[in-house]
Amino acid sequence: MKKVRLATVWLDGCSGCHMSALDIDEAILNVARRADVVYGPLVDAQEFPKSVDVTLVEGGISSQEDLEKIRTIRQRSRVLVSLGDCAIAGNISAMRNQTPARKLLERIYVEGAQANRVIPTDGVPALLRHAVPVHEFVKVDLHVPGCPPSAKAIAFVLDELIEGRVPDLRSKVKFG
Ligand code: SF4
């Protein structure tokens, strides 16, 4: 049986959703038997590959770089999953939205700095005006809520998607 090509992406999130995905314990062996992880923080791939079957996205869209990435990822992914509340609703990444980005950067890098009081620009992606959910820019096929989603929920979703089924996340009892 052909293995599913699986990717995970870390945009403007805290990595907690990825940590929860790693917390699926022995279920990870079950995933590894049926899927190849072709991209993600744990994989040494610089460029998002073509023809990915399932991509889990952690984090909101906060920068120009995030925006370019998510557009490419959407084009190259058959099923795109927003994993966690930052990807789904902005959540923690959107807490900055009340303050203009320039003011925020000045507060952190100039007013709050003890030395080298300058806003970094070299190699730093420009912030968007607001941090927003993934579905504001691209079509999302499935939302897996939680901050982070439980390991049980992630294991269930992976299992269903790898088997080519649409996960039914309505059963709260299942993940309680
Ligand atoms: S949803 Fe929660 S755990 Fe996941 S990236 Fe956002 S803040 Fe972190």
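Just follow the structure's listing: the first ligand is 1, and inside any ligand the first atom is 1. Worth saying up front: this structure is predicted, and the values here are computed from it rather than measured.
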Which of the atoms in ligand 1, numbered in the order shown and given with their element, are less than 4.0 Å from a heavy-atom of [X]?
X	value
Ile92	7 (S)
Glu58	5 (S)
Asp85	1 (S)
Asn91	1 (S), 2 (Fe), 6 (Fe), 7 (S)
Cys17	1 (S), 3 (S), 4 (Fe), 5 (S)
Gly146	1 (S)

Leu83 and ligand 1 - part of the residue with a heavy-atom distance under 4.0 Å: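 For Leu83, no heavy atom sits under 4.0 Å from ligand 1.
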
Atom 4 (Fe) of ligand 1 to nearest N/O/S of Cys86 less than 2.8 Å: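 Of the N, O and S atoms in Cys86, none lies under 2.8 Å from atom 4 (Fe) of ligand 1, which means no.
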
Residue Glu47 excluded, over 12 heavy atoms near CD under 6.0 Å: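 No - once you tally the heavy atoms of other residues, nucleotides and ligands closer than 6.0 Å, there are 12 at most.
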
2.8 Å cut-off met by an N, O or S atom of Cys147 to atom 8 (Fe) of ligand 1: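 Not a single backbone or side-chain N, O or S atom of Cys147 is under 2.8 Å from atom 8 (Fe) of ligand 1.
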
Option passing side-chain contact (heavy atoms from CB on, under 4.5 Å) with His130 (candidates Leu128, Val132, Leu127):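 The option that passes is Val132.
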
Distance-only donor-acceptor check, side chains Thr8 and His18, under 3.5 Å: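 Yes.
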
Test: [X] and [Y] ion pair at under 4.0 Å:
X	Y	answer
Arg34	Asp159	yes
Asp36	Arg5	no
Arg74	Asp141	yes

Minimum-distance protein heavy atom relative to atom 8 (Fe) of ligand 1: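 For atom 8 (Fe) of ligand 1, the nearest protein heavy atom comes out as Cys14 SG, 2.3 Å.
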
